Peer 1: 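Let me begin by handing over the structure; questions about it come next.
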There are 2 protein chains.
Amino acid sequence: MRIASWNVNSIKVRLPQLTEWLKRAEPDIVCLQETKVTTEDFPFDPLGELGYEAVAYGTGGYNGVAILSKFPINEPVEGFTGEEGHARLIEASIEGMQVFSVYVPNGASPEDEKFKYKLRFFKALRQHLASVAKPTSELVIAGDFNVAPEERDVWNPKIAAKYVGFHPLEHAALKELTSWGLKDSLRLHDQRAGQYSWWDYRTLGFQKDEGMRIDQIWLTEPLAKRCTAASIDLWPRRLEKPSDHTPVICEID
Amino acid sequence: MRIASWNVNSIKVRLPQLTEWLKRAEPDIVCLQETKVTTEDFPFDPLGELGYEAVAYGTGGYNGVAILSKFPINEPVEGFTGEEGHARLIEASIEGMQVFSVYVPNGASPEDEKFKYKLRFFKALRQHLASVAKPTSELVIAGDFNVAPEERDVWNPKIAAKYVGFHPLEHAALKELTSWGLKDSLRLHDQRAGQYSWWDYRTLGFQKDEGMRIDQIWLTEPLAKRCTAASIDLWPRRLEKPSDHTPVICEID
DNA sequence: GTAGAGCTGG
DNA sequence: CCAGCTCTAC
């Protein structure tokens, strides 16, 4: 079972790249973020033709999340109480696993009101997880967390700590969430520094290898034990008009 | 010698369609309007690879005119005193002919301030023509005149007369310009009604055959005598993302 | 309907 | 840099 997560930064613009990548990487489950379409406008048909069932949650031109799956998707739930209708979480049951696709708010700077919302979001998300699942259940939470878990996940930790993506407060918020009982799937198999999933368009970060690993797939212990591989797929960056994020992948069983 | 005029409605967006059409129609001279690029951003290189020299005049994201030619382009002149820096006229000498590419202002309704500007523009253009050429010289003025010359050039003359494109005032303004000594090249060879060069995107005019012939190639008498054919080329309308205008063509010699 | 401007957002 | 949005224009 191959599970992936990708912040596509507009599924309308990125549909050609997404379909190319799906054909090539053949993931079984894909958590998408920043689809930037309403649920109604989500491209169910072209993805269906590729063999993917989909559930999507989008309220407008910002945010928006979805889950694609080659296996049947059961009991989808859109949103949760902590996200204030921003279309930042969708969950569903697939092959007995609870699958969450999440897009954590960012905030332009630590002084920003949005940054406080980000910290509240993490707290509410932990509450939510605890209310719908147990650390001993089979659960995957994948998405754009807008925080790098460790120093080695950031091209310049000293600079990043002052801004957003590696600030101590959000770093602590992520730790508090994952301490509920979640394992960072990439780190079960790959200890290298500099494995990034996002690069700033503005600074031409990709060309300079200046990025952060802010997209992650977190697993509860039962799934972590069955996780046989994890990686970051840079292939979509070679296509025209790449997203600023690239897919992250893990294999279960 | 094949001379064409086309309002491309953004040369950035329309470059693929333009190049396809150039390869197919093989015009010698093309007057372009609504390029919507600055002179600096004009795509000289890809057009040069197709064998076209080019002169362009654009000041920003609106208007903008250009001339492409397989023959050398001499003495290009950007703008004229009546156009107030709007990048609506470019002229040049090609094979001994004076060639003008013009984009006449439109105005949303006869009450509009822009509509008055349109009438002034026509007056100023006649003044300009008279100051740089004679009716006995070899002169071509091609472009989007934003007025249909005759009733048969408009899908619904009664409606059009109330709005823009066939209002008596602008109609008279075009007549006043062309009475200087210009012949409507299409009408030297084709007397059919309903030969349109533009259709409203909003009303899906093309699909309903509701359009106007507002793009024309006007010739002085010496060239009119040598004009062997004239037509409107609907071929580019079959491509993806067509302009709301289609090219008009005439043959000299 | 389609395109650009000038804005917000990351 | 690359998306959205709202506005204007035709």
Side-chain angles (χ1 to χ4, degrees), chain A residues 7-15 17 33-38 41 58-64 86-88 103-109 112-115 117-118 144-147 163-165 198-208 210-212 214-215 237 240-245, chain B residues 7-15 17 33-38 41 58-64 86-88 103-109 112-115 117-118 144-147 163-165 198-208 210-212 214-215 237 240-245:
Chain A
N7 178 322
V8 289
N9 190 10
S10 170
I11 201 165
K12 278 181 190 159
V13 172
R14 221 71 63 202
L15 189 59
Q17 295 88 327
Q33 301 85 39
E34 286 209 81
T35 54
K36 293 187 176 181
V37 284
T38 58
D41 288 347
T59 50
Y62 287 110
N63 312 323
H86 284 200
R88 292 180 175 279
Y103 174 49
V104 173
N106 200 7
S109 78
D112 200 337
E113 171 54 38
K114 297 256 183 67
F115 187 82
Y117 171 46
K118 184 178 194 169
D144 175 0
F145 291 83
N146 267 316
V147 193
Y163 300 99
V164 152
W198 170 86
W199 302 264
D200 199 324
Y201 278 134
R202 290 166 286 186
T203 57
L204 301 175
F206 186 75
Q207 289 83 332
K208 300 186 208 161
E210 297 177 354
M212 291 198 280
I214 59 180
D215 303 274
R237 291 286 329 192
E240 296 280 303
K241 276 178 161 276
S243 168
D244 49 350
H245 296 254
Chain B
N7 177 322
V8 288
N9 189 11
S10 171
I11 202 165
K12 278 181 190 160
V13 172
R14 220 70 63 201
L15 189 59
Q17 294 89 326
Q33 302 84 38
E34 286 210 82
T35 54
K36 293 186 175 181
V37 285
T38 58
D41 287 348
T59 49
Y62 287 112
N63 312 325
H86 284 200
R88 293 181 174 278
Y103 174 48
V104 173
N106 198 8
S109 78
D112 199 337
E113 171 54 38
K114 297 257 184 67
F115 188 82
Y117 171 46
K118 183 178 194 168
D144 175 359
F145 290 83
N146 266 316
V147 194
Y163 300 100
V164 152
W198 171 86
W199 302 264
D200 198 323
Y201 278 134
R202 290 165 287 186
T203 57
L204 301 175
F206 186 76
Q207 288 82 333
K208 301 186 207 161
E210 297 177 355
M212 292 198 281
I214 60 180
D215 303 275
R237 291 286 330 192
E240 296 279 304
K241 276 177 161 278
S243 168
D244 49 349
H245 297 252

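Just so you know, these numbers come straight off a predicted model, no measurement behind them. Every chain is numbered from 1, with letters handed out A, B, ... down the list of sequences.
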Peer 1: Assign the ring pair A/H245 / A/W198 to parallel, tilted or perpendicular, where the plane angle (0 to 90°) is split at 30° and 60°.
Peer 2: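 Taking A/W198 first and then A/H245, their aromatic rings sit tilted (interplane angle of 30° to 60°).
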Peer 1: Test salt bridge (charged side-chain N to carboxylate O under 4.0 Å, His left out) on B/K114 and B/D112 and set out the steps.
Peer 2: CA-CA 5 Å; B/K114 297 257 184 67; B/D112 199 337; 5.4 Å; no
Peer 1: If you check the A/Y62 side chain, which of D/dC2, D/dG4, C/dG4 turns out closest?
Peer 2: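 It is D/dG4.
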Peer 1: A/D144 has an atom CG; how far is it from atom P of C/dG10, in whole Å?
Peer 2: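 Rounding to the nearest Å, CG of A/D144 and P of C/dG10 are 12 Å apart.
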Peer 1: Using only heavy-atom distances, determine whether the side chains of A/D144 and A/Q33 contain a donor-acceptor pair under 3.5 Å.
Peer 2: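 Their side chains do not contain a donor-acceptor pair, so the 3.5 Å distance test is not met.
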Peer 1: Tell me the interatomic distance from B/Q17, atom CD, to C/dT2, atom P, rounded to whole angstroms.
Peer 2: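 In whole Å, C/dT2 P and B/Q17 CD are 12 Å from each other.
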Peer 1: Find the distance B/H245:NE2 to C/dG1:C1' and express it as a whole number of Å.
Peer 2: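 Answer to the nearest Å: 13 Å.
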Peer 1: Among D/dC2, D/dA9, D/dG4, which nucleotide has an atom closest to any side-chain atom of A/K36?
Peer 2: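 Selected nucleotide (nearest to the side chain): D/dG4.
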Peer 1: Taking atom types as modelled, is there a side-chain donor on B/E34 or B/N9 under 3.5 Å from an acceptor on the other?
Peer 2: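 On atom types as modelled, these side chains do not qualify, holding no pair under 3.5 Å.
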Peer 1: Please determine, for the side chain of B/R202, which listed nucleotide (D/dG4, C/dG4, C/dG1) has the closest atom?
Peer 2: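 When the side chain of B/R202 is considered, C/dG1 is the closest of D/dG4, C/dG4, C/dG1.
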Peer 1: Measure the distance from CG on A/N9 to C1' on D/dG4 and round it to the nearest whole Å.
Peer 2: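 Checked: the CG to C1' distance equals 9 Å.
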Peer 1: Quickly work out the B/N106 CG to C/dA3 C1' distance and round it to whole Å.
Peer 2: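 Going from B/N106 (CG) to C/dA3 (C1'), I get 15 Å.
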Peer 1: If I take atom OH in residue B/Y117 and atom C1' in nucleotide D/dA9, what distance separates them, rounded to the nearest angstrom?
Peer 2: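 Going from B/Y117 (OH) to D/dA9 (C1'), I get 15 Å.
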Peer 1: Just how far, in rounded Å, is C1' of D/dA9 from OH of B/Y103?
Peer 2: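 Value for this atom pair: 8 Å.
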Peer 1: For B/A108 and for A/L204, locate the closest nucleotide of DNA chain D by heavy-atom distance; then report the residue assigned to the nucleotide nearer the 5' terminus.
Peer 2: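 So the residue in question is A/L204.
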Peer 1: Nearest to the A/Y201 side chain among D/dA3, D/dC2, C/dT2, which nucleotide is it?
Peer 2: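 For A/Y201, the side-chain atoms sit closest to D/dC2.
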Peer 1: Could you check which of C/dG9, D/dA3, D/dA9 has an atom nearest any side-chain atom of A/R14?
Peer 2: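 Of all the options, the side chain of A/R14 is nearest to D/dA3.
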Peer 1: Can you measure B/K12 atom NZ to C/dG4 atom P for me and round it to whole angstrom units?
Peer 2: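 One finds 7 Å between P of C/dG4 and NZ of B/K12, rounded.
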Peer 1: Below 4.0 angstrom from OP1 or OP2 of C/dG4, is there any side-chain N or O of B/S10?
Peer 2: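 Yes.
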Peer 1: Decide side chain to side chain contact (heavy atoms under 4.5 Å, CB included) for B/R14 and B/K241; before the verdict, give the C-alpha distance in whole Å, the side-chain angles of both, and the deciding distance to 0.1 Å.
Peer 2: CA-CA 8 Å; B/R14 220 70 63 201; B/K241 276 177 161 278; 4.0 Å; yes
